Structures are given as C-alpha cells and as structure tokens.
Amino acid sequence: VQLQASGGGLVQAGGSLNLSCGISGHTSGRYSVGWFRSTPKKEREFVAAIAWNSAGTYYGDDVKGRFTISRDNAKNAVLLQMNSLKPGDTGVYYCAARQGALMLATRYYRNWGQGTQVTVSS
C-alpha cells in the first residue's frame with residue numbers, strides 16, 4: 001500500500017488545517033492508519049491513529065480535543081482535522097499504515113508516506 005500526505009501549509013496560531021493521507025495499492029487490506037510528526041524537539045511523535053474499521057481512534061495528549069482523525073472511504077483517505085493550532089504544532093506530518101489493530105509506536109508501522117510541512121506562526 002502507498003500513502004501520500006497533503007494539506008500542509010502556513011497558518012497563524014489559532015487557525016486550522018486539514019491534512020489528507022491518500023491510500024493506494026492494496027486498499028482492500030485491513031489497514032489502521034496513524035499520523036506522526038517530526039518537530040525540532042521530537043524526532044517522530046505520535047499524533048493520532050484510527051483503526052482499520054474506524055471502530056476506534058486515539059490521540060496524543062498534546063492534540064487531544066483539538067485534532068480529529070477520520071476516514072473518507074469514498075476517497076480512500078484518512079483525514080486529520082487540526083484546529084486551534086499552536087506554534088508547537090509546527091513540524092513535518094507523516095501518515096503511516098499497518099495491517100491490523102491500531103498502534104501508537106512508529107515501529108509497528110510498515111508503510112509510510114512522504115511528509116507534509118505544517119508551520120504555525122505566533
């Protein structure tokens with residue numbers, strides 16, 4: 001399965017961005033998808049994840065209540081709605097997929113997309 005992240009950009013603090021992770025290839029597989037980010041402080045930080053059947057979602061403590069992950073099955077995509085953005089959210093955002101259950105650690109994800117840059121100005 002191949003992944004492509006898009007939707008990054010420059011936004012002021014308090015603003016919103018919508019990221020999309022397009023999924024192609026073996027899309028019939030049961031893939032859980034996670035979003036991670038690389039920031040100046042952390043090499044690869046967990047942001048959010050959604051189970052292969054959308055039965056469960058999980059968020060990192062720093063984004064809980066501000067970010068929402070969801071699936072758009074018609075477009076074979078996983079979306080990350082980011083609201084109330086802070087300068088600390090600045091980084092490169094990656095989406096990744098794994099077959100089976102939702103997991104939080106990067107080592108469980110085999111398929112990665114290229115990153116999309118998110119910059120939040122103060």
Side-chain angles (χ1 to χ4, degrees):
V1 64
Q2 292 79 47
L3 308 171
Q4 183 167 358
S6 61
L10 173 64
V11 64
Q12 288 188 330
S16 298
L17 279 175
N18 295 320
L19 303 186
S20 177
C21 178
I23 305 170
S24 60
H26 188 218
T27 57
S28 61
R30 297 181 174 184
Y31 288 99
S32 295
V33 175
W35 282 97
F36 299 82
R37 65 187 181 189
S38 293
T39 69
K41 293 185 178 180
K42 295 185 179 180
E43 180 177 348
R44 198 66 61 98
E45 176 186 24
F46 171 78
V47 175
I50 187 166
W52 65 271
N53 58 358
S54 300
T57 57
Y58 201 87
Y59 297 92
D61 289 340
D62 191 48
V63 307
K64 204 171 295 183
R66 299 188 296 123
F67 291 11
T68 303
I69 189 170
S70 63
R71 285 187 181 273
D72 184 340
N73 291 324
K75 296 182 179 180
N76 285 330
V78 172
L79 311 177
L80 185 68
Q81 170 73 45
M82 306 189 296
N83 297 325
S84 303
L85 283 163
K86 307 174 184 178
D89 295 318
T90 295
V92 179
Y93 283 68
Y94 300 88
C95 58
R98 69 178 306 275
Q99 283 190 301
L102 178 161
M103 301 294 277
L104 307 188
T106 57
R107 66 181 182 273
Y108 294 110
Y109 289 83
R110 180 178 180 179
N111 306 93
W112 290 80
Q114 89 294 349
T116 185
Q117 176 71 44
V118 171
T119 303
V120 184
S121 63
S122 57

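Note that the coordinates shown come from a computational prediction; the quantities given were computed from them, not determined experimentally.
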For Leu17, the option from Val118, Leu80, Val120 that meets side chain to side chain contact (heavy atoms under 4.5 Å, CB included): Val118
Pairwise distance CE(Met82) to CD1(Ile69) - rounded to 0.5 angstrom: 11.5 Å
Within one Ile-Leu-Val-Met-Phe-Trp-Tyr cluster: Val78 and Val1, side-chain cutoff 4.5 Å: yes
Single-linkage hydrophobic cluster Val63~Phe46, side-chain heavy atoms < 4.5 angstrom: no
Nearest heavy atoms of Leu3 and Ile23, plus distance in Å: CD2-CG1, 3.6 Å
Within 6.0 Å of OH in Tyr59, more than 12 heavy atoms from elsewhere: yes
Residues in side-chain hydrogen bond (donor to acceptor under 3.5 Å, both in side chains) contact with Arg110, at least two apart in sequence or another chain: none
Carboxylate-amine/guanidinium contact Asp62 Lys42, below 4.0 Å: no
Atom pair CZ/SG of Arg71 and Cys21 - distance to nearest 0.5 Å: 9.5 Å
side-chain contact (heavy atoms from CB on, under 4.5 Å) evaluation trace for Gln117 with Leu10: CA-CA 8 Å; Gln117 176 71 44; Leu10 173 64; over 6 Å; no
Nearest-0.5 Å distance that lies between atom CG in Leu19 and atom OG in Ser6: 7.5 Å
Donor-acceptor under 3.5 Å (Ser20 side chain, Leu79 main chain): no
From Thr68 atom OG1 to Asn83 atom CG, the distance as rounded to the nearest 0.5 Å: 6.5 Å
Salt bridge present between Asp89 and Lys86 (N-O < 4.0 angstrom): no
Transitive ILVMFWY side-chain link Phe67 to Trp35, under 4.5 Å: yes
Distance, nearest 0.5 Å, that separates OH of Tyr31 from CG of Asn76: 12.0 Å
Gln99 atom CD: more than 12 heavy-atom contacts under 6.0 Å: yes
Where Ala101 and Ser32 come nearest, the two heavy atoms and their spacing: C-OG, 3.4 Å
Co-membership, hydrophobic cluster, residues Tyr58 and Met103, 4.5 Å side-chain: yes
Main-chain N/O of Ala5 paired to Gln114 side chain as donor or acceptor, under 3.5 Å: yes
Any donor-acceptor pair under 3.5 Å from Ser84 side chain to Gly14 backbone: no
Pairwise ring pair (Phe, Tyr, Trp, His ring centres under 6.0 Å) hits with a residue in residues 88-111, at least two apart: Phe36-Tyr109
Between CZ on residue Arg107 and CZ on residue Arg44, distance to nearest 0.5 Å: 15.0 Å
Lys41, NZ: over 12 other non-hydrogen atoms inside 6.0 angstrom: no
